[in-house]
Novice: 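Would you mind keeping the following structure in view while I ask a few things?
The first residue of the sequence shown is numbered 1, and numbering continues consecutively from there. Predicted, not measured: the structure shown is a model, and the values here were computed from it. For the numbers below, each heavy atom of this structure counts, side chains included, while hydrogens, waters and symmetry mates do not.
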Amino acid sequence: MDYRTIQFYEDGCWIRSIESEEEYLQAYRLRYEIFCETLGWVPANPTGLEIDRYDSFATLLGLFSEENTLLGMIRLLPPNQPFMLETDFSDLVAPGYQIRKEIDTAEISRLAITPSAKEQGLSSRYLNILLKGLYQWTLVNNVRYSYLEVEKRFWRILQFLGFISTPIGPVKCLPPAGANSMAAILDWEAFRSHNRNRQPEFLDWMTTVQSAPAVAPGQWRVHGSKPEVLKEYFGHENSLSVR
């Protein structure tokens with residue numbers, strides 16, 4: 001499924017769709033540092049990269065410094081491919097709930113901020129800019145609904161910030177790290193309505209981009225470098241394994 005790319009500048013950082021091989025490698029290394037080494041949600045491996053089967057069709061958004069260092073990222077999964085909520089995290093979905101698989105729906109996963117941001121007191125700033133990038137991406141790609149699976153405490157943070165989402169199942173303690181996790185759906189129309197009434201200045205900031213067009217020319221596509229990275233890691237594309 002083709003998505004339009006985004007690119008804009010915000011408060012000393014660039015938000016853009018990840019397309020080059022070096023940017024993909026930065027993203028996989030950051031994910032390894034967060035999800036394997038820090039959180040322990042994913043088993044360690046000798047490559048130093050965190051890649052799973054979803055990456056063969058995922059879109060990645062990156063938050064970059066002016067020196068082109070990756071500061072944060074979000075992965076987005078399209079509705080014409082499996083969502084993690086249908087497979088790895090199906091226990092977080094209430095029995096009988098029908099997961100939406102329409103063209104206006106995507107799944108958010110692998111949100112990560114560089115650990116150095118916490119040391120410098122920049123975590124909140126980077127998170128806000130990254131979430132603004134996510135919102136801009138939904139606007140240019142006409143995505144109204146976003147699924148997410150998160151720790152309950154982070155879900156509460158998102159609610160407080162104005163990213164109101166509705167739980168779609170129980171809170172469960174998931175192995176291997178034992179994190180209390182849940183799944184929810186975010187309706188971006190409801191997000192706009194809520195913040196228009198409660199935080200109009202915040203909504204204006206989320207909607208307005210600086211210094212560069214929000215949409216980069218062309219359509220998002222899998223570049224030749226991306227499958228090469230995946231094939232190097234997995235041996236060949238057909239051997240992609242479930243996380």
Novice: Would L71 and I113 count as a side-chain contact (heavy atoms from CB on, under 4.5 Å) if you check the C-alpha gap in whole Å, the side-chain angles of each, and the deciding distance to 0.1 Å?
Specialist: CA-CA 6 Å; L71 304 172; I113 301 290; over 6 Å; no

Novice: Looking at every non-hydrogen atom in both residues, tell me the closest pair between C13 and Y126 and how far apart they are.
Specialist: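 For C13 and Y126, the tightest heavy-atom pair comes out as SG-CE2, 4.0 Å.
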
Novice: OH of Y145 to CD1 of I185: how many Å apart, nearest 0.5 Å?
Specialist: 7.0 Å

Novice: Can you measure from CG (N68) to CD (E23) and round to the nearest 0.5 angstrom?
Specialist: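 Answer for the CG-CD pair, N68 versus E23, is 5.5 Å.
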
Novice: Tell me, please, which residues at least two apart from Q199 pass side-chain hydrogen bond (donor to acceptor under 3.5 Å, both in side chains).
Specialist: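 For Q199 the side-chain hydrogen bond (donor to acceptor under 3.5 Å, both in side chains) partners, ignoring immediate neighbours, are N195.
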
Novice: So for atom CZ, which belongs to R198, do other residues, nucleotides or ligands contribute more than 12 heavy atoms lying within a distance under 6.0 Å?
Specialist: no

Novice: Cation-pi between R16 and F64: NZ/CZ under 6.0 Å from ring centre and within 45° of the ring axis?
Specialist: yes

Novice: So, does T114 use its side chain to make a donor-acceptor pair with the main chain of A117 at under 3.5 Å?
Specialist: no

Novice: Which pair of heavy atoms, one from E19 and one from T5, lies closest together, and at what distance?
Specialist: OE2-CG2, 3.7 Å

Novice: To the nearest 0.5 Å, how far apart are CZ in F163 and CD1 in I157?
Specialist: 12.5 Å

Novice: Verify whether one side chain among D88 and Y54 offers a donor that lies under 3.5 Å from an acceptor in the other.
Specialist: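 Note: D88 and Y54 side chains meet the donor-acceptor criterion.
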
Novice: Got a second to check how far K152's NZ is from W155's CH2, nearest 0.5 Å?
Specialist: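 Rounded to the nearest 0.5 Å, the NZ-CH2 separation comes out at 7.5 Å.
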
Novice: In this structure, would L60 and Y32 fall into the same cluster of hydrophobic residues linked by side-chain contacts under 4.5 Å?
Specialist: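 As far as the 4.5 Å side-chain criterion goes, Y32 and L60 are not connected within one cluster.
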
Novice: Is it true that atom CD1 of I103 has more than 12 heavy atoms of other residues, nucleotides or ligands lying nearer than 6.0 Å?
Specialist: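 Check fails, neighbour count at 12 or below.
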
Novice: Do R110 and F35 form a cation-pi contact, if we require the NZ or CZ to be under 6.0 Å from the six-membered ring centre and within 45 degrees of the ring's axis?
Specialist: yes

Novice: Is the distance between the ring centroids of Y135 and F191 under 6.0 Å?
Specialist: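 Between Y135 and F191, the centre distance is under 6.0 Å.
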
Novice: Could you pull out the closest heavy-atom pair between G162 and H194, with the gap in Å?
Specialist: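 Minimum heavy-atom separation between G162 and H194: O-CD2, 4.0 Å.
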
Novice: Can you list the steps and then say if L92 with S181 is a side-chain contact (heavy atoms from CB on, under 4.5 Å)?
Specialist: CA-CA 8 Å; L92 299 179; S181 304; 4.3 Å; yes

Novice: Going by an N to O cut-off under 4.0 Å, is there a salt bridge joining E189 and R144?
Specialist: no

Novice: Check this for me: does any side-chain nitrogen of one of R100 and E86 sit under 4.0 Å from a carboxylate oxygen of the other?
Specialist: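 No.
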
Novice: Distance from L186 atom CG to L134 atom CG, nearest 0.5 Å?
Specialist: 8.0 Å

Novice: Do you know which two heavy atoms are closest between L131 and L111, and how far apart they sit?
Specialist: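 For L131 and L111, the tightest heavy-atom pair comes out as CD2-CD1, 4.2 Å.
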
Novice: Between D104 and N142, does a side-chain contact (heavy atoms from CB on, under 4.5 Å) hold up when you go through it step by step?
Specialist: CA-CA 6 Å; D104 64 353; N142 298 312; over 6 Å; no

Novice: Is there a side-chain contact between W41 and L174 (heavy atoms, below 4.5 Å)?
Specialist: no

Novice: Would you say the side-chain atoms of S165 pair up with the backbone N or O of A184, donor to acceptor, closer than 3.5 Å?
Specialist: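 Such a contact is absent between S165 side chain and A184 backbone.
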
Novice: Within the distance-only criterion (no hydrogens, no angle test), does the side chain of Q26 pair as donor or acceptor with the backbone N or O of L70 below 3.5 angstrom?
Specialist: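 Answer holds: yes.
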
Novice: Short question: side chain of K132, backbone of W205 - any donor-acceptor pair under 3.5 Å?
Specialist: yes

Novice: Does R75 reach the side chain of R31, with side-chain heavy atoms less than 4.5 Å apart?
Specialist: yes

Novice: Between L158 and I164, is there a shared hydrophobic cluster once you connect ILVMFWY residues whose side-chain heavy atoms come closer than 4.5 Å?
Specialist: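 L158 does not cluster with I164.
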
Novice: May I ask you to check whether Y9 and W14 place their ring centers less than 6.0 Å from one another?
Specialist: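 Yes, the ring of Y9 comes within the 6.0 Å limit of the ring of W14, centre to centre.
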
Novice: Closer than 3.5 angstrom, by distance alone: can the side chain of N141 be matched with the main-chain N or O of V143 as a donor-acceptor pair?
Specialist: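 Judged by distance alone, no pair lies under 3.5 Å.
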
Novice: Do you know which two heavy atoms are closest between A27 and I18, and how far apart they sit?
Specialist: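 Looking at all heavy atoms of both residues, the shortest contact is CB-CD1, 4.1 Å.
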
Novice: Are the side chains of L130 and M73 in touch, meaning some heavy atoms are under 4.5 Å apart?
Specialist: no

Novice: Taking the side chain from E149 and the backbone from S109, do they hold a donor-acceptor pair closer than 3.5 Å?
Specialist: no

Novice: Do any N or O atoms from the side chain of E107 and from the backbone of M84 form a donor-acceptor pair under 3.5 angstrom?
Specialist: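 Between the backbone of M84 and the side chain of E107 there is a qualifying donor-acceptor contact (under 3.5 Å).
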
Novice: With a 4.5 Å limit on heavy-atom distance, are the side chains of L203 and R192 in contact?
Specialist: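 In contact.
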
Novice: Step by step, would you call M182 with F89 a side-chain contact (heavy atoms from CB on, under 4.5 Å)?
Specialist: CA-CA 9 Å; M182 59 184 291; F89 298 123; over 6 Å; no

Novice: Donor-acceptor pair, distance only, cut-off 3.5 Å: does the side chain of D55 make one with the backbone of D52?
Specialist: yes

Novice: Any donor-acceptor pair under 3.5 Å linking the side chain of S146 with the backbone of I108?
Specialist: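 Pair absent, no side-chain N/O of S146 close to backbone of I108.
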
Novice: Are L127 and F154 packed together at the side-chain level, in the sense that at least one heavy-atom pair is separated by less than 4.5 angstrom?
Specialist: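 Yes, their side chains come closer than 4.5 Å.
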
Novice: Side chains of Y28 and L30, heavy atoms from C-beta outward: is any pair under 4.5 Å?
Specialist: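 When only atoms from C-beta onward are counted, L30 and Y28 do not touch, as no gap falls below 4.5 Å.
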
Novice: Does any non-hydrogen side-chain atom of L49 lie less than 4.5 Å from one of L25?
Specialist: yes

Novice: Between the side chain of K101 and the main-chain N/O of Q81, is any donor-acceptor distance below 3.5 Å?
Specialist: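 Yes; judged by distance alone, with no hydrogens or angles, the pair exists.
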
Novice: As an exercise, state the distance from CD1 of I74 to OG1 of T59, rounded to the nearest 0.5 Å.
Specialist: 12.0 Å

Novice: Do you know which two heavy atoms are closest between A94 and P170, and how far apart they sit?
Specialist: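 Closest approach of A94 to P170, heavy atoms only: N-CD, 4.3 Å.
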
